[in-house]
Amino acid sequence: MTSSAKVLDGGWGWAIVAASFMAQFLAFGSPQSVGVLYPEWLHTYQEGKGMTAWVGSLVGGVGLIASPICSACVDNFGARPVTIFSGVMVAGGLMLSAFAPNVQFLIFSYGIVVGLGCGLVYAATLTITCQYFDERRGLALGIVTTGTSVGAFIYATAQTELIVLYGLDGCLLIIGAIALNLMACSGFMRPLNLPGYYLKQKAALERSTEEQLFVKPPFDDLKIAVGSAAATPEKPLKELLITIDAKDLSIQTEKKEGALGGLAIVKAIKKKQKAYSKYMQSLYEILQDQEMVAFCIAIFLFSLGAFPPVLFIEDVAQSEGLIEEVSVFPLVSIGAISTCIGKLALGILVDVKWINGIYLYAFTMFAGGLSLLLIPVTKTYVGLQILTAILGFFSGNWSLTSYITTKIVGLDRLTQAHGILMFFGGFGVMLGPPVVGWFFDWTQSYDLAFYFSGSCVLLGAFILFILSLPCWNRKPLDNDKPEVQYTCTCDKVASVA
């Protein structure tokens with residue numbers, strides 16, 4: 001049994017879960033409750049709602065769109081260095097936003113810098129958690145991913161109080177200082193395996209040492225080196241000689257002729273081209289699946305329509321005169337805690353044998369779309385609270401994406417297909433708030449904007465439902481549900497991840 005297998009599903013892994021939960025809590029707390037900051041930015045900078053909405057849309061969308069790059073950074077450098085760097089980005093972006101002279105600077109500091117930092121945190125925490133857990137991976141990921149919802153719930157109230165006490169600038173400075181604790185969380189992320197960057201450095205160091213050993217030293221120097229036990233310990237020398245013996249043939253071949261070296265380079269280029277062609281072919285085959293295309297369209301339309309309330313719902317209440325200022329228990333907090341509950345409840349429902357995951361997702365979109373259409377006709381603050389809770393609950397359908405993607409394309413292509421989905425989702429998140437803001441600037445009312453958002457979500461539900469009917473499916477239906485083994489009831493509940 002390897003050393004990495006001994007630490008799986010327990011031990012230090014639970015410290016990893018706690019650190020990853022806190023990392024997502026600290027990183028996503030402010031971006032997920034950005035709706036509390038949005039009315040303050042409107043009042044401070046006196047810009048249009050469409051322009052100001054780019055801040056909230058970018059902080060939510062940039063991390064999703066850049067998820068392949070963030071994952072590559074984690075693979076090459078490891079979760080700990082990436083989390084440290086992301087802590088600097090998130091904290092630095094929040095603190096810079098306190099000194100923003102205009103909305104354009106805020107788009108860069110809060111939208112892009114903080115958004116990329118959140119994307120790095122998300123990739124790092126999920127990767128290190130998956131490395132430490134196998135049988136209880138669902139439970140571990142379920143705990144970690146709820147950090148975003150809990151963070152949004154607490155930060156919404158905290159930022160409201162900090163704005164009252166210290167103003168908008170003081171609030172961002174304090175939140176940014178708290179985000180520096182991301183670097184403390186990274187200290188717990190002990191890697192099980194060396195990341196790709198360190199492996200490359202190690203291989204380069206070994207190759208350099210081998211080349212030096214192949215140059216014949218003077219006889220006296222060789223005698224001194226062999227006779228000195230303190231200068232060359234026995235164990236490293238044995239390991240080095242074994243490595244030299246294994247790579248001797250390749251090194252000698254490289255040194256024989258330059259032509260052979262050129263041939264090796266050509267082979268390496270062809271190998272890279274072949275891998276790239278294979279990857280593009282795989283993406284092409286994924287997008288040939290009708291259900292996958294329908295799911296991508298549904299994700300885009302749902303993100304386009306359902307994300308704007310996170311940013312605008314507080315301003316909607318103030319614009320309609322339902323409340324004079326953000327309450328102590330904001331609507332954003334209600335939506336966040338409802339989303340957390342929705343993730344768990346929908347995760348339990350999708351495990352029921354007779355429930356189809358795609359149809360369940362389409363139903364959540366339908367219910368969320370109806371909630372959006374009812375927001376313009378709601379004239380009481382209590383009604384707005386109820387609709388926010390309903391919309392937040394059904395927004396927990398993000399937890400079903402991995403399950404549905406596995407059902408459509410299989411486990412082997414899950415990573416590539418999930419990256420495509422995140423791109424479509426991030427694109428929708430990035431476009432949604434500015435579109436709603438432009439509707440308000442054009443009509444001076446949110447009514448048409450939310451009718452548009454609700455229609456987009458309902459259209460996505462209709463497309464997903466129609467294109468997923470069995471009459472379109474040409475694939476054999478031998479297994480409608482992927483076989484998943486759970487070790488306990490907690491794992492089943494935590495299958496949301």
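Owing to the predicted nature of the structure, the values given are computational and were not obtained by experimental measurement.
For Phe85, the CZ atom counts as loosely surrounded, since its 6.0 Å shell holds 12 or fewer non-hydrogen atoms of other residues, nucleotides or ligands. No more than 12 heavy-atom neighbours from other residues, nucleotides or ligands sit within 6.0 angstrom of CZ on Phe462. Open room surrounds CZ on Phe366; 12 or fewer heavy atoms of other groups in view lie less than 6.0 Å from it. Enclosure of atom CG in Leu448 by more than 12 non-hydrogen atoms of other residues, nucleotides or ligands within 6.0 angstrom is indicated.
Counting only distance, with no hydrogens or angles, the side chain of Ser338 and the backbone of Phe393 share no donor-acceptor pair below 3.5 Å. Using a distance-only test at 3.5 Å, with no hydrogens or angles considered, a donor-acceptor pair links the side chain of Asn181 to the main chain of Ile178. Side chain of Tyr38 to backbone of Thr52: no donor-acceptor contact under 3.5 angstrom is found. Distance alone, capped at 3.5 Å, is enough to place a donor-acceptor pair between the Thr339 side chain and the Gly392 backbone. Judged by distance alone, the side chain of Asp441 and the main-chain N or O of Gly50 form a donor-acceptor pair under 3.5 Å. Side chain of Thr157 to backbone of Ile154: no donor-acceptor contact under 3.5 angstrom is found. Using a distance-only test at 3.5 Å, with no hydrogens or angles considered, no donor-acceptor pair links the side chain of Gln159 to the main chain of Leu37. Remark: side-chain polar atoms of Ser453 are not paired, donor with acceptor, to backbone N or O of Phe450 under 3.5 angstrom. Not a single donor-acceptor pair under 3.5 Å links the side chain of Tyr166 to the backbone N or O of Leu173. Between the side chain of Glu314 and the backbone N or O of Leu331 there is at least one donor-acceptor pair closer than 3.5 Å.
In this structure, Ile386 and Thr378 have side chains that are not in contact, with every pair of non-hydrogen atoms separated by 4.5 Å or more. Side-chain contact between Val74 and Ile128: absent, with no pair of heavy atoms (C-beta onward) separated by less than 4.5 Å. Residues Ser57 and Val429 have side chains not in contact (no heavy-atom distance under 4.5 Å, counting atoms from C-beta outward). Contact annotation: the side chain of Trp12 approaches that of Phe188 to within less than 4.5 Å [non-hydrogen atoms, C-beta and beyond]. By the 4.5 Å heavy-atom criterion applied to side chains, Met422 and Ile299 are not counted as neighbours. Taking the side chain as every heavy atom from C-beta outward, Leu96 and Val113 never approach each other to under 4.5 Å. Between Ile107 and Met51, the closest side-chain pair of non-hydrogen atoms falls below 4.5 Å. Taking 4.5 Å as the limit, every side-chain heavy atom of Leu464 sits out of range of all side-chain heavy atoms of Ile297.
A pairwise comparison of heavy atoms in Asp169 and Ala98 identifies OD1-O, 3.1 Å as the closest pair. In this structure, Gly425 and Leu64 approach most closely via the heavy-atom pair C-CD1, 4.2 Å. Nearest heavy-atom pair across Met292 and Leu421 is CE-CG, 3.7 Å. The two residues Ala389 and Ile334 come nearest to each other via the heavy atoms CB-CG2, 3.9 Å. Between Ser97 and Ser109, the shortest heavy-atom contact is OG-OG, 3.0 Å. Cys456 approaches Leu301 most closely through the heavy-atom pair O-CB, 3.5 Å.
With values rounded to the nearest 0.5 angstrom, Leu372 atom CG is found 8.0 Å from Phe302 atom CZ. Between Leu458 atom CG and Leu370 atom CG the span is 5.5 Å, to the nearest 0.5 Å. Interatomic distance, Phe312 CZ to Leu42 CG, rounded to the nearest 0.5 Å: 8.0 Å. In this structure, the separation between CD1 on Ile163 and CD on Glu40 is 4.5 Å, given to the nearest 0.5 Å. Distance check: Ser20 OG to Ile16 CD1 gives 6.0 Å after rounding to the nearest 0.5 Å. Taking CD1 of Ile390 as the reference point, atom CD1 of Ile375 lies at 10.0 Å (rounded to 0.5 Å).
Between Phe452 and Trp438, the ring centre distance reaches or exceeds 6.0 Å. Aromatic ring centres of Phe295 and Tyr361 lie closer together than 6.0 Å. Separation of the Tyr155 and Phe25 ring centroids falls under the 6.0 Å cut-off.
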Decide yes or no on side chain to side chain contact (heavy atoms under 4.5 Å, CB included) for Lys49 and Tyr446, but give the supporting numbers first. CA-CA 11 Å; Lys49 300 199 177 190; Tyr446 280 110; 3.3 Å; yes

Pair Leu126-Thr145, side chain to side chain contact (heavy atoms under 4.5 Å, CB included): steps then yes or no: CA-CA 8 Å; Leu126 294 190; Thr145 53; 3.9 Å; yes

Apply side chain to side chain contact (heavy atoms under 4.5 Å, CB included) to Gln32 and Gln24, showing your working. CA-CA 11 Å; Gln32 290 292 321; Gln24 291 204 12; over 6 Å; no

Side chain to side chain contact (heavy atoms under 4.5 Å, CB included), that's the test. Do Leu58 and Met430 meet it? Break it down for me. CA-CA 5 Å; Leu58 284 174; Met430 195 166 61; 3.4 Å; yes

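Taking the six-membered ring where the residue is Trp, Phe423 and Phe427 present parallel rings, their angle staying beneath 30° rather than reaching 60°.
With no hydrogens or angles considered, no side-chain donor-acceptor pair links Tyr122 and Thr148 at under 3.5 Å.
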